[in-house]
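What you see is a predicted model, and the numbers here were worked out from it, not measured in a lab.
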Amino acid sequence: SHIRHAWDPHKSVAQNLAEMGLAEDPNKAVPIPKKLLVGGMEVESDGQQLGKKIVRKPYVVNEMELEASLPEKKSNTLSRDLIDYVRYMIQNHGENYKEMARDEKNYYQDTPKQIKRKINVYKNFYPEEYKDFIASLKPEKMEVQ
């Protein structure tokens with residue numbers, strides 16, 4: 001969006017990018033130095049030294065750098081279906097993964113290890129919710145006994 005707002009439709013792509021301080025060709029912007037062996041000694045050859053170009057719109061690069069430096073927003077969530085599936089399995093079968101694999105609600109025919117992995121993912125994503133859920137199950141089991 002920063003580039004779009006600073007873009008001048010009357011200029012070429014190369015001119016627009018040069019004014020913003022951006023490179024048109026990354027291979028020319030950051031050349032890879034070629035190492036040559038001269039008489040057994042290693043010599044680095046510098047590429048062509050391009051003259052400094054005038055950057056007329058430095059705010060574009062500054063805004064892009066600022067936006068890139070912001071921390072990423074974590075969007076770790078599980079689907080509602082997976083949460084309901086895991087809670088159903090724990091509620092009806094406790095820690096018996098083999099029994100869970102034979103349950104009729106196991107539509108995807110997950111193996112015991114796959115079910116255990118899904119439960120562990122749920123535990124890691126929502127530790128507080130998992131603790132509350134397990135705590136709410138314990139009184140129900142005591143009443144049954």
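- Shortest non-hydrogen contact noted between Glu99 and His93 is OE2-ND1, 2.8 Å.
- Residues Tyr122 and Ile83 come closest through the heavy atom pair CE1-CG2, 3.8 Å.
- The minimum heavy-atom distance between Val60 and Ala6, with the atom names listed, is CG2-CB, 3.4 Å.
- Side-chain contact check for Lys57 versus His2: every heavy-atom pair is 4.5 Å or farther apart.
- Here the OH atom belonging to Tyr85 is positioned 8.0 Å from the CG atom belonging to Asp103, to the nearest 0.5 angstrom.
- Taking hydrophobic clusters as Ile, Leu, Val, Met, Phe, Trp and Tyr residues chained together by side-chain heavy-atom distances below 4.5 Å, Tyr108 does not share a cluster with Ile90.
- To the nearest 0.5 Å, atom CD of residue Glu63 and atom CE of residue Met20 are 11.0 Å apart.
- Between the side chains of Asp81 and Tyr107, no donor-acceptor pair is found at a separation under 3.5 Å.
- No side-chain heavy atom of Met100 sits under 4.5 Å from any side-chain heavy atom of Asn106.
- Residue-environment remark: NZ (Lys123) exceeds the threshold of 12 foreign heavy atoms within 6.0 Å.
- Contact of the Ile3 side chain with the Asn16 side chain is not registered, since no non-hydrogen atoms from C-beta on lie closer than 4.5 Å.
- Here the CG-CG distance, from Asn124 to Asn120, works out to 6.5 Å after rounding to the nearest 0.5 Å.
- Taking CD from Glu129 and CD1 from Ile134, the interatomic distance works out to 11.0 Å, rounded to the nearest 0.5 Å.
- Here the CG atom belonging to Leu82 is positioned 9.5 Å from the CD1 atom belonging to Ile119, to the nearest 0.5 angstrom.
- By the 4.5 Å heavy-atom criterion applied to side chains, Tyr97 and Met89 are not counted as neighbours.
- Note that the NZ atom of Lys105 and the CG atom of Asn92 stand 8.5 Å from one another [nearest 0.5 Å].
- By the criterion of side-chain heavy atoms lying less than 4.5 angstrom apart, applied directly or through intervening Ile, Leu, Val, Met, Phe, Trp or Tyr residues, Val55 is not grouped with Leu22; the two fall into different hydrophobic clusters.
- Annotation: side chain of Lys98 is in contact with side chain of Arg102 (closest heavy-atom distance under 4.5 Å).
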